Amino acid sequence: MTASPARSPTPLVALSGVTKSFGAVRALGGVDLAIGPGECLGLVGHNGAGKSTLMQILAGTLHHDEGTLVAGGAPTGAFSVGAAHDAGIRCVFQELSLCPNLSVAENTRLRHPGLKGFGWRQPAGALIEATLSEIFPGHTIRPDDLVADLELGERQMVEIAMNFTATGDRPRLVILDEPTSSLDHSVAAQLLAHVRRFVAAGGSVILISHILGDILGTSDRIVVMRDGRVVAERPAAQFDRAALVAAMGHVAETAPETAAAAVAEARPADRPIVEARPPRQRGARSLTLYPGQIVGLAGLAGHGQTALLRLIQNAAGSTSRFAKVEGSVAFVAGDRQADGVFPLWSIGQNVTIRSLAALSRFGLIDGRRERAVEEAARETFQIRTPDMDDNILTLSGGNQQKALFARALASDAAIIAMDDPMRGVDVGTKREVYARIAEEAEKGRAFLWYTTEFDELLNCSHVYVFRSGEIVADLPRGELTEEKVLQSSFEETADA
Ligand SMILES: Nc1ncnc2c1ncn2[C@@H]1O[C@H](COP(=O)(O)OP(=O)(O)OP(=O)(O)O)[C@@H](O)[C@H]1O
């Protein structure tokens with residue numbers, strides 16, 4: 001199916017026949033896309049389909065090779081960053097762009113050069129504070145917080161709010177590329193409600209997400225991309241989940257993707273492989289993990305889950321007051337920018353770095369075995385690249401995340417600690433990874449899995465809910481419901 005014209009007679013911006021190649025990789029193969037005022041356009045597609053590339057062309061950070069761009073009814077050449085900004089286009093990229101060594105207010109000042117003169121700090125702080133409160137009522141971020149000190153989800157909130165702030169120039173089209181990937185359920189719901197308000201007031205939003213419920217529930221129109229082309233475009237009401245998944249090129253699901261994964265039942269061995277308690281834990285509650293178990297960590301983002309995973313990782317092979325860990329730990333980072341990828345290295349090197357000892361003989365790395373591990377990773381995780389020797393940053397965001405998974409699973413670690421690891425991974429690959437996790441658990445590996453997506457918890461045999469740095473509930477799979485997780489996450493007196 002080809003793209004049909006946007007609903008508005010004069011689209012805010014329209015692309016036609018747009019192509020873009022990176023060397024041998026044809027990221028966009030002739031895309032038509034238009035967006036009008038007052039609509040939310042949902043954009044979905046597998047990892048590497050070309051969504052971010054297309055958005056970068058709209059934001060002026062990349063220039064297209066062929067095709068035309070029309071802004072406000074007038075044909076224009078490729079957008080520069082300034083021209084895109086002047087057209088009211090703002091983009092929240094997957095990889096956050098805030099300066100970590102500056103405060104929230106200072107970052108706001110960078111984005112709004114109009115806030116100048118003596119005492120700019122106060123209006124910059126007030127501006128971001130007001131927008132944060134409008135989108136995320138109840139947030140606890142302060143303008144003088146250093147960005148580096150914020151949790152990943154909080155940084156994402158600041159980045160989003162920053163792109164909705166207006167000084168002299170107003171945002172007219174806000175592009176949100178995976179905006180809820182690090183936000184927990186309630187904060188994500190606040191953002192999506194704000195998107196609807198912004199659109200109702202005449203603004204436009206392009207929403208890119210692999211969380212299909214968010215796309216179906218928020219968009220007016222949905223465009224599906226596959227292999228650099230638009231393959232379906234319809235009003236959102238004419239899609240359902242199965243139709244979207246099929247249009248993306250995945251095998252139609254018979255059930256939600258989590259149910260497709262075999263759930264590893266609790267099969268406690270004699271001895272736990274991990275026993276840990278958060279340093280702030282009151283009472284006797286602790287986390288226990290047995291070989292072959294998949295254990296979930298839930299609760300609102302930033303409530304101690306990542307900290308406990310790190311504590312367990314650091315306790316492996318050493319002594320800790322808070323954790324006893326009998327085996328090595330591989331960590332799959334959710335914040336791939338900060339502590340996931342080695343940005344100067346190839347995709348292959350990023351995959352094998354955790355396994356070098358096992359791949360070495362007499363102190364030398366066996367190149368053939370190394371290559372075999374890389375190729376196995378590429379096949380298992382469908383890492384979309386022409387060459388595993390290419391730099392890791394040539395991969396789309398979701399494909400980088402797959403490489404991190406491949407690194408952990410290729411290692412010989414007995415315990416895999418996963419810190420909201422499915423950020424930006426498409427539905428088809430998620431199902432593959434779930435199946436792979438279940439398979440590895442079957443063989444005796446143990447998984448600790450922090451996730452902000454409730455459905456993913458259904459892969460776990462046991463779930464610990466965190467609040468304010470403590471475990472506040474301990475739910476076996478049979479008792480797991482979204483209500484119980486939410487209730488425990490919020491209630492001061494919740495107990496399981
Ligand atoms: N700088 C680059 N150099 C080489 N290839 C690139 C570069 N940027 C993107 N690509 C390639 O272009 C293709 C499209 O990538 P893009 O990031 O647009 O996909 P996407 O649909 O946004 O994927 P995801 O859902 O994983 O974010 C991919 O094959 C990617 O590897």
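In listed order, ligands and their atoms are each counted from 1. The structure displayed is predicted, hence computed values, not measured ones.
For the pair Arg90 and Phe164, the cation-pi criterion (under 6.0 Å, within 45° of the ring axis) is not fulfilled.
Residue Arg172 qualifies as open at atom CZ: its count of foreign heavy atoms under 6.0 Å is 12 or below. Atom CZ of Arg170 has 12 or fewer heavy atoms from other residues, nucleotides or ligands within 6.0 Å.
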Distances only, to 0.1 Å: what are the N or O pairs between ligand 1 and the protein that fall under 3.5 Å?
from, atom 1, to, atom 2, distance (Å)
ligand 1, 5 (N), Thr394, O, 3.3
ligand 1, 10 (N), Thr394, O, 3.3
ligand 1, 18 (O), Ser52, N, 3.4
ligand 1, 18 (O), Thr53, N, 2.9
ligand 1, 18 (O), Thr53, OG1, 2.6
ligand 1, 19 (O), Gly50, N, 3.4
ligand 1, 21 (O), Ala49, N, 3.1
ligand 1, 21 (O), Gly50, N, 2.9
ligand 1, 21 (O), Lys51, N, 2.9
ligand 1, 21 (O), Lys51, NZ, 2.8
ligand 1, 22 (O), Ser52, N, 2.9
ligand 1, 22 (O), Ser52, OG, 2.7
ligand 1, 23 (O), Gly48, N, 2.8
ligand 1, 23 (O), Ser396, OG, 3.4
ligand 1, 25 (O), Asn47, ND2, 3.1
ligand 1, 25 (O), Lys51, NZ, 2.8
ligand 1, 25 (O), His210, NE2, 2.9
ligand 1, 26 (O), Asn47, ND2, 2.9
ligand 1, 26 (O), Ser396, OG, 2.7
ligand 1, 26 (O), Gly398, N, 2.8
ligand 1, 27 (O), Gln94, NE2, 2.8
ligand 1, 31 (O), Thr394, O, 2.7

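Once rounded to the nearest 0.5 Å, the distance linking OG1 of Thr108 with CG of Leu127 reads 6.5 Å.
Every residue two or more places apart in sequence or in another chain that forms a side chain to side chain contact (heavy atoms under 4.5 Å, CB included) with Ser16 is listed here: Asp32, Thr68.
Between Arg371 and Asp389, at least one side-chain nitrogen of the basic residue sits less than 4.0 Å from a carboxylate oxygen of the acidic one, meeting the salt-bridge criterion.
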